[in-house]
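What follows is a short report on a single structure.
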2 protein chains.
Amino acid sequence: MNRLNTTIRYAVRAVLVLASHRDNPISIKEISEHEDLSVKYLEQLFLKLRKAGLVKSVRGMYGGYFLARPPDKISLGDVIKAVQPNGVYAAPCTRKSKHCIREKNCSAHEYWEKLRALLDDFFASTTLATLKD
Amino acid sequence: MNRLNTTIRYAVRAVLVLASHRDNPISIKEISEHEDLSVKYLEQLFLKLRKAGLVKSVRGMYGGYFLARPPDKISLGDVIKAVQPNGVYAAPCTRKSKHCIREKNCSAHEYWEKLRALLDDFFASTTLATLKD
DNA sequence: CTAATCCATAGCTTTATAATAGGATTGTGA
DNA sequence: TCACAATCCTATTATAAAGCTATGGATTAG
């Protein structure tokens, strides 16, 4: 319904928690309680975040996750790409992998390209530190 | 999946057709053939567009639709609002009707507000004539 | 009067998201 | 060394939304 889905929103909230507690690893359980999100759902997200190299993990007791880079080096776009490889695209036809057969004579195409550029720019230029001052 | 849905995309394409044939009413059938969209689906869209005052209709034989205002006076936002009253909102918590209980201590909230503003601005400032020069 | 068109509502089908389940693996510390 | 607490991984289910179809009625030109 034209909104960023929970995957993205939860992931951003989760990494923001890590961004504000950088001294030691935070467990999923703590994040779950802090943000009132399902443990199992968070597990899936962190799996992707880790594979994307945004966070690192410590296993075993007193383990958890921490940011792999300082907050100002992690953009919203990084997080989005991690949990949702296709990213946020205004219209299917502006998706990288998918070529639009109508593109040439689609009057609306340029609108969506402009929008896509706008979003890409916003996500690339906004980091986890952006709102902290 | 984080894209503008077909409702919005089809509606924009449809009104763009009207924008480029302003001499006489265009029937839904013609738009359907031109854009390769279902007649019945278009009918639903035009019902909303008409009620929003963006297009006017001529009933009966040789009837059809035409823009109620010149293309440069119709923004993407107008079209979106017409077919989808809630508009495009980045996150549920930035939706007008819905108050977010976490807003006060949600670190991500400001991101979505900024994004919402960005989108609102884009949709408001882009008209059906924007890409025509 | 009849064909073309708009008007309106209801319901079906499919897809994608959201969430859950269950277990395997790894490290800590008593 | 053993219990425990955490990450790690895959699969499955449930739910909601989007997308579309079907049906019937109202209106008007020719």
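In the text below, chain A, chain B and the rest are named by the order of the sequence lines, each starting its count at 1. Just the heavy atoms: all of them, side chains too, but no hydrogens, waters or symmetry mates, feed the values below.
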- What does A/Tyr65 touch in the nucleic acid at a heavy-atom separation under 4.0 angstrom: a base, only the sugar-phosphate, or nothing? sugar-phosphate
- Message: Of the options C/dG29, C/dA19, D/dG19, whose atoms approach the side-chain atoms of B/Thr7 most closely?
- Response: D/dG19
- Task: Using atom CG of B/Leu47 as one end and atom C1' of C/dT9 as the other, report the distance to the nearest whole Å.
- Result: 10 Å
- Of the candidates C/dG27, C/dC6, C/dA18, the side chain of B/Arg59 sits closest to C/dC6
- Message: Categorize B/Tyr62 for me: base, sugar-phosphate, or nothing, with a 4.0 angstrom heavy-atom threshold over every strand shown.
- Response: sugar-phosphate
- Item | Proximal nucleotide (of D/dG19, C/dC6, C/dC7) relative to the B/Arg9 side chain | D/dG19
- Task: Could you please name the option among C/dT28, D/dC8, C/dT20 that lies closest to any side-chain atom of A/Gln44?
- Result: C/dT20
- Query: Mind checking whether A/Phe122 and A/Leu76 have side chains closer than 4.5 Å, heavy atoms only?
  - Reply: yes
- Message: From NZ of A/Lys40 over to C1' of D/dC9, roughly how many Å is that when rounded to an integer?
- Response: 9 Å
- Message: I need the CE-P distance between B/Met61 and C/dT5, as an integer number of Å.
- Response: 7 Å
- Note on the structure: Comparing A/Gly60 with A/Glu43, nearest DNA chain D nucleotide closer to 5' gives the residue A/Gly60
- Task: Tell me what A/Lys56 touches on the nucleic acid: a base, only sugar-phosphate, or nothing, going by heavy atoms under 4.0 Å.
- Result: nothing
- Message: In this structure, how many angstroms lie between the C1' atom of C/dA16 and the CG atom of B/Asn5, rounded?
- Response: 14 Å
- Query: Can you tell which of B/Pro71, B/Ser75, B/Ser20 makes a side chain to side chain contact (heavy atoms under 4.5 Å, CB included) with B/Leu128?
  - Reply: B/Pro71
- Separation of A/Glu30 atom CD from D/dA5 atom C1', in whole Å? 12 Å
